[in-house]
There are 2 protein chains.
Amino acid sequence: MSDCILFAKRNDMAKKKEKEMEADFSAEERLKEAAIKVFTQKGYAATRTRDIAKEAGLNLALLNYYFRSKEKLFEIIMMEKLQQLFEIIIPLANDPSTSLDKKLTAIASEYIDMLSVNENLPLFILHEIRSNPERFVSKMQVTKIFSDSVMIKQIRERRSDINPIHFVINILGMVVFPFIAKPILFSSGQVDDKAFGVLINERKKLIPLWVKAILKAK
Amino acid sequence: MSDCILFAKRNDMAKKKEKEMEADFSAEERLKEAAIKVFTQKGYAATRTRDIAKEAGLNLALLNYYFRSKEKLFEIIMMEKLQQLFEIIIPLANDPSTSLDKKLTAIASEYIDMLSVNENLPLFILHEIRSNPERFVSKMQVTKIFSDSVMIKQIRERRSDINPIHFVINILGMVVFPFIAKPILFSSGQVDDKAFGVLINERKKLIPLWVKAILKAK
DNA sequence: GTCTATAAGGGGATAGAC
DNA sequence: GTCTATCCCCTTATAGAC
C-alpha cells in the first residue's frame, strides 16, 4: 500500500518534470518534434494530424495555425531529414585530403552514430521517396556521392574493373541495413535493444575492414 | 498515315490480347493481383480500395464481396509475401549437404532473381512490419535463419570471434539493399532500368566473392 | 456474380470564443 | 496564441437492382 503511494508520487513527479521540459519549447517546436516522431514512425499516409497534436500535448487547430496543413508540415520535415542524411556523407566523400580508408572509417562511424538516435530515418525516407519519387529527387544531391565524388575516384583507382557504384551500395548497405531490418532482427528473439546496440557498435570498426576486404576480393 | 493505322491496329490487338489474358483470370484473382501491385507499391495506409478495383478493371463492391474488407485482403497478401520471402532462404540456409560457399551462391542468385520480378517487395514488407511489428512477428520464422540454421553454424566454424549475425546481415543487405535504394540510385541520373539490371546481375557473382572476403578479413 | 447508388464514419481543415 | 465545436470531403463498406 505504501508502495503504491510512493509509486504514485514518483509518477506525479515524473509527469511534472516532463511538463516542465515541454514548457521549455514553444508550441511550434513541440508540434514539429511530435510530427517528426509520428511521421518517421508511421509514414505520411498512416499518420493522422490528431496523433501529432496529441503527441505534442496540444490540439489539432494549432497544427494548422503554425503549419497551414499536414502536407506543408510534412514537406518541412522531409526536407530537413533529407538534408540531415546527406550533410554527413557529402563532405566526407568529397574531402580530397583524406584517403579512402579514412573516408570509410569516418562514414561508418558518423552514420552509425546519427542513425542510432534516428533509427526510423532510413526506412521513413526510403518509403516516402518511393511513394513520390519525382517530388524529392530534385532535392537530393545524390550525384555528389554516386558519380562525381572524390570517393568514387579513389574507389576507381583501386578497382578499375568493377563499377564503383557497387562499393558505394555495399558501404551504405552495411551501415544502413541493420536499422532497416531491425524489426526482423528483433523478431528472431536473438536480438534485443541492448544486443542491437552492441552489434552496431561493433560494426563501426568492422565495416571499414570489410570494405577494404571486398575492394581486394578476386 | 499508314504508319498511324498500323500502329493503331497493333495497339488494338495488344489491348485485345490484354483483355483476353485478363479474362483468363477470375474477378477474385484479378482483384488479388491488383491488390498486390497497389499495396506493395504504396503501402497499406496510402492505398485506397478504389485504386485496387480500378487497377483490376472492376468495381469496388466486388472487392468487399470476395475479401470482406481492405484489412482482410491485406492480411492475405502480407502472409503470402512473407511466405515468398522466407521460403527461398530457409531451405537453402538449412541444407546440411551444401558448403557455406554453395549456400552463398545459391542465396544471392535465387534472391536476386525473385526480387527482380518483385522489386517493391522488400521495402513493402519492411515498412509494414515496422508499422505493426507485433502483428507479423509471430508469422515470421526468422529464428530459422538467424539463430539455429545450418548456415549460422558454418559461419561460426569459420569465424568464431565475430557474431555470425553480422554476416547474415551483410549477405542479406548486399542482396536486398539495391532494391530498397533503387529510387535513390535512379535519382543520381547514373542508373536507369537497363543499368540497374546489369548491376544486380553482376552482383549475383560478386556477392559470394565479397562475403568470402569479409569472412577472412582481419 | 457484378453493378450503381448510398450509408456511415474518419480525418483534415476552419470558425469563432477566449 | 490557444482552445472547442463543427464543417465537409474522402474512403470504406453495404444495400439492392440486374
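Each chain gets a letter, A, B and so on, in the order its sequence line appears, and its residues count up from 1.
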Margin query: What does the B/S/- profile of nucleotides 13-18 of chain D look like, 5' to 3', with a 4.0 Å heavy-atom cutoff to protein?
Written below: BBB---
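- Using modelled atom types, one finds no donor on one side chain facing an acceptor on the other under 3.5 Å when comparing A:N59 with A:R50.
- Taking the screw axis at each terminus of the helix from C:dG1-D:dC18 to C:dC18-D:dG1 from five consecutive base pairs, the angle between the two is 10° to within rounding of 10 degrees.
- Here A:A27 pairs with A:L58, A:L62, A:Y66 under the side-chain contact (heavy atoms from CB on, under 4.5 Å) rule; sequence neighbours left out.
- Partners of B:R48 by salt bridge (charged side-chain N to carboxylate O under 4.0 Å, His left out), not counting sequence neighbours, listed by chain and number: B:D51.
- Residues passing the ring pair (Phe, Tyr, Trp, His ring centres under 6.0 Å) test with A:F67, sequence neighbours excluded: none.
- For the contact set between residues 33-44 of chain B and DNA chain D, defined by any heavy atom under 4.0 Å, there are no members.
- Note: OH (A:Y66) to P (C:dT14) measures 16 Å, nearest angstrom.
- Side-chain nitrogen and oxygen atoms of B:N59 include at least one within less than 4.0 Å of the OP1 or OP2 phosphate oxygen of C:dC3.
- The stretch residues 105-119 of chain A participates, sequence neighbours left out, in these side-chain hydrogen bond (donor to acceptor under 3.5 Å, both in side chains) pairs: A:D113-A:K204, A:E119-A:K182.
- Contacts of B:E28 classified as salt bridge (charged side-chain N to carboxylate O under 4.0 Å, His left out), with partners at least two apart in sequence or in another chain: none.
- One atom, CZ of A:R48, and another, P of D:dT11, lie 16 Å apart when rounded to the nearest Å.
- No side-chain heavy atom of A:V211 sits under 4.5 Å from any side-chain heavy atom of B:I214.
- Partners of B:F74 according to the ring pair (Phe, Tyr, Trp, His ring centres under 6.0 Å) rule, which considers only residues two or more places apart in sequence or in another chain, are B:F39, B:Y44.
- Rounded to an integer number of Å, the gap from CZ of A:F25 to C1' of D:dT2 is 20 Å.
- Computed from coordinates, the B:K54 NZ to C:dT4 P distance equals 14 Å when rounded to whole Å.
- Every side-chain contact (heavy atoms from CB on, under 4.5 Å) that B:K139 has, sequence neighbours left out, goes to B:M79, B:L82.
- Look at CG on A:L62: it is 16 Å from P on C:dA15, rounded to the nearest Å.
- For the side-chain contact (heavy atoms from CB on, under 4.5 Å) test, residues two or more places apart in sequence or in another chain that qualify with A:K102 are A:T98, A:S99.
- Under the rule for a ring pair (Phe, Tyr, Trp, His ring centres under 6.0 Å), the partners of A:F179 that lie at least two apart in sequence or sit in another chain are A:F196.
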